[in-house]
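Quick note: residue numbers are just sequence positions, from 1. Note that the structure is predicted; figures quoted are calculated from it, not measured.
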Amino acid sequence: MAYAPPIVLGPQVSADLAAGAGREWLVTDGRGGYAMGTVCGLRTRRYHALLVVSGATAAARHVGLVALDPVITLPSGTVIRLGTHEWASGAVEPQGYRFLESFTLVDGLPTWRWRIGDVVVERELAMVHGSPSLAVVHRLVAGEATLTLEALCTWRDAHGERHAGGDLPTVPAADGAVIAGAYRLAGPNWRPAGEWYTGAYAREEAARGLNAVEDLWYAGSFSAHLGAGEALEVSAWAGDLDARPPRPADVVDAARRRAREVAAAAKPADGTEAALALAADAFVIETGTPDVVAGYPWFGAWSRDTMISYEGLFLATGRADEGRALLRGYAATLSRGMLANTADTGATEYNTVDGTLWFLHAVARHVARTGDTDLAAELVDPLMSIVVAHVAGTRYGIRMDPTDGLITQGVPGEALTWMDARVDGVAVTPRIGKPVEVNALWINGLGALAALRNRLGRDATDLTALRDRAVASFARRFPSPAGWLYDVVDGDDGDDGALRPNQLLAWSLPYGPAPDGGAAAFRAVSAALLTPLGLRSLAPGDPAYRGRHRGGPADRDRAYHQGTVWPWLIGPFTDTAVLLRTVPPRLLCGIDVHLSEWGVGSVSETADADAPHRATGCPFQAWSVAEALRVRQRIR
């Protein structure tokens with residue numbers, strides 16, 4: 001059985017501020033909450049903390065315990081502070097990262113090791129799966145010392161900051177304290193403090209053009225005198241504050257056992273597949289029904305991301321039962337033939353043209369791979385309502401054009417495809433008209449639904465006729481003189497011949513239109529768009545191309561789909577390569593290596609279009625991981 005190989009980073013990364021701060025780790029609680037930070041211990045994001053608690057939705061998170069800063073007192077009386085913080089003044093103090101000997105990720109759990117001469121301190125942490133509960137274990141591996149852990153706290157929305165002004169309510173409790181009435185800390189020898197540390201600075205927020213300064217509450221400390229092999233264990237939890245979680249060392253052990261079970265359920269062929277299966281686990285959550293976090297640290301659930309990720313997150317990892325429940329739950333959100341897109345903004349939105357069509361694909365893949373005809377029978381009529389609504393017309397101008405059977409969509413100011421960035425309320429890539437991937441998904445959905453109806457012994461001639469007509473229109477309308485497919489036809493400005501990766505879905509989907517000329521289009525896409533981390537969203541040389549996905553929100557949104565690399569697109573690219581029998585050797589090597597480059601053990605949301613393709617966006621992204629795992633299994 002293959003296991004996820006350890007990722008070990010020595011002092012040239014972990015004890016180097018720039019290198020260590022550029023790599024992040026993540027541990028999740030199975031509910032949408034998490035612990036997250038950097039390899040070197042520097043908090044570079046407002047989202048970095050040891051206890052981040054999800055709320056009514058996965059995106060409604062609050063930051064609680066920010067840090068447990070270790071302080072070592074040697075027998076000589078020398079005091080060494082092992083925490084690392086950056087301040088608005090520009091100072092980095094303390095500089096505990098300098099003592100790091102290694103950072104290791106094993107079974108998805110991070111371990112730090114500090115060395116101070118012959119004294120070695122190791123930190124492990126884990127979360128209780130299914131509960132907003134953190135366990136932290138500090139063990140003295142060698143030597144003798146007194147260890148103190150200083151608790152820096154807050155209680156605020158994960159997307160904001162909190163500043164000094166009055167006390168953060170800290171109420172004594174057995175072995176610790178309750179903070180802001182929201183979460184509890186417990187461990188040995190709690191000593192209350194009560195002081196604001198002002199001006200904590202998050203450099204990544206500054207780089208993103210956002211507020212980068214907040215204040216932290218020093219609530220108190222835990223301590224113990226340790227000899228070699230002895231440990232200081234601390235728990236932090238929200239929810240039922242009277243229900244103390246298991247001993248931290250037992251939580252860590254349980255998390256390791258569960259991680260190996262998760263990896264084994266995917267039946268990985270090698271360590272990389274095991275690592276991707278373990279990475280996938282972070283995105284599958286339970287909130288009454290199974291759901292998917294699109295990306296950490298700032299996204300919640302988005303139906304488009306969920307359905308693109310579905311096969312990789314659920315079917316490739318042995319989670320078909322959970323997936324079945326998820327699909328049933330999402331089917332219940334159908335309205336006017338559209339799947340709810342997200343509730344991250346505080347209200348349920350239906351602002352997507354492709355998410356619903358990806359849902360058709362996800363259900364079809366579930367039934368094809370599992371033989372679950374009961375689910376097919378339950379959902380076939382709701383799925384048929386999608387087709388009926390699209391033929392008649394639904395929100396945002398989404399409708400089947402009666403003249404050619406293709407889907408047209410869009411209204412000014414909205415961006416309904418996956419290329420959905422907007423700046424000042426204006427869509428960067430509006431794509432009003434008939435986008436190529438939307439119509440590939442429409443044709444695929446008609447074929448998939450026809451296959452489901454046939455499987456159930458129902459007549460599907462109406463669907464087949466709709467699909468045949470759309471396929472013929474697709475073959476007539478989308479091929480461009482340049483040798484690839486138009487990205488949009490019948491748009492406000494005519495047909496858009498920009499070279500983008502969206503056309504790959506015409507060949508990658510099981511029931512897609514697969515027009516002639518696939519080999520030539522694939523060569524064009526490969527030559528201009530393929531990078532080690534995925535595909536560019538626009539070809540270099542296009543006037544709208546942007547090589548770097550950096551800067552403030554407007555700068556980043558303008559670049560989001562105008563060249564920026566998207567790892568998830570390696571899925572459609574690989575599927576097309578398989579169809580055309582042109583799978584290049586070592587196709588996924590760049591993504592495999594990426595597992596230790598940024599979001600350690602996972603795959604990023606995006607990367608710069610220009611070399612060296614530095615990662616951007618969320619360090620941990622569901623569809624990036626899901627598609628890498630799915631196609632690795634396909635091309636074994």
Side-chain angles (χ1 to χ4, degrees), residues 28-34 54-60 128-132 258-259 261-267 277-296 299-335 338-344 348 350 352 355-386 445 448-449 452 455-456 622-623 625-627 629-630:
T28 60
D29 66 6
R31 295 163 43 95
Y34 60 83
S54 63
T57 67
V128 177
H129 189 73
S131 174
R258 182 181 176 278
E261 292 168 358
V262 165
K267 300 179 180 177
L278 200 51
D281 181 62
F283 305 103
V284 179
I285 64 171
E286 179 70 39
T287 57
T289 59
D291 211 339
V292 169
V293 169
Y296 292 96
F299 288 136
W302 291 71
S303 66
R304 176 194 293 120
D305 299 58
T306 297
M307 298 310 154
I308 290 174
S309 304
Y310 180 80
E311 191 169 358
L313 292 188
F314 291 92
L315 303 184
T317 59
R319 296 176 180 267
D321 288 345
E322 291 173 80
R324 186 181 200 275
L326 177 143
L327 294 173
R328 295 180 72 235
Y330 269 85
T333 74
L334 284 168
S335 166
M338 296 178 68
L339 202 67
N341 186 26
T342 184
D344 272 15
T348 302
Y350 285 82
T352 167
T356 308
L357 302 177
W358 278 111
F359 177 58
L360 281 168
H361 176 68
V363 174
R365 294 306 297 149
H366 179 96
V367 174
R369 289 188 58 165
T370 66
D372 189 350
T373 54
D374 288 343
L375 183 67
E378 179 180 344
L379 296 186
V380 67
D381 288 337
L383 296 181
M384 192 62 201
S385 74
I386 293 172
L449 185 51
L452 289 179
R455 181 188 281 263
L456 296 171
W623 59 13
V625 170
E627 284 293 87
L629 177 59
R630 179 183 68 81

Out of Leu449, Val367, Val363, which residue meets the side chain to side chain contact (heavy atoms under 4.5 Å, CB included) rule with Val380?
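Considering Leu449, Val367, Val363, a side chain to side chain contact (heavy atoms under 4.5 Å, CB included) with Val380 is found only for Leu449.
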Main chain of [Y], side chain of [X]: is a donor-acceptor contact present, judged purely on distance under 3.5 Å?
X	Y	result
Thr317	Ala277	no
Thr356	Leu339	yes
Ser303	Gly355	no
Tyr296	Ala282	yes

Residue pair [X] / [Y]: nearest heavy atoms and the distance that separates them:
X	Y	value
Ala294	Phe299	CB-CB, 3.9 Å
Val293	Gly32	CG2-CA, 4.2 Å
Met307	Ala362	SD-CB, 3.9 Å
Asp29	Arg31	OD1-N, 2.8 Å

Does any part of the side chain of Val292, heavy atoms only, come nearer than 4.5 Å to the side chain of Tyr310, both counted from C-beta?
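No, side chains not in contact.
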Would Arg304 and Ile308 count as a side chain to side chain contact (heavy atoms under 4.5 Å, CB included) here? Give the steps.
CA-CA 6 Å; Arg304 176 194 293 120; Ile308 290 174; 3.9 Å; yes
Thr306 vs Phe283, test: side chain to side chain contact (heavy atoms under 4.5 Å, CB included). Steps then yes/no.
CA-CA 9 Å; Thr306 297; Phe283 305 103; over 6 Å; no
Step by step, work out the side chain to side chain contact (heavy atoms under 4.5 Å, CB included) result for Arg319 and Asp281.
CA-CA 10 Å; Arg319 296 176 180 267; Asp281 181 62; 2.2 Å; yes
Between atom OG1 of Thr333 and atom OH of Tyr350, what is the distance when rounded to the nearest 0.5 Å?
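Result: 5.0 Å between the selected atoms.
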Atom pair OG1/CH2 of Thr352 and Trp358 - distance to nearest 0.5 Å:
11.0 Å
More than 12 non-hydrogen atoms from neighbouring residues, nucleotides or ligands closer than 6.0 Å to CZ on Arg328, yes or no?
no
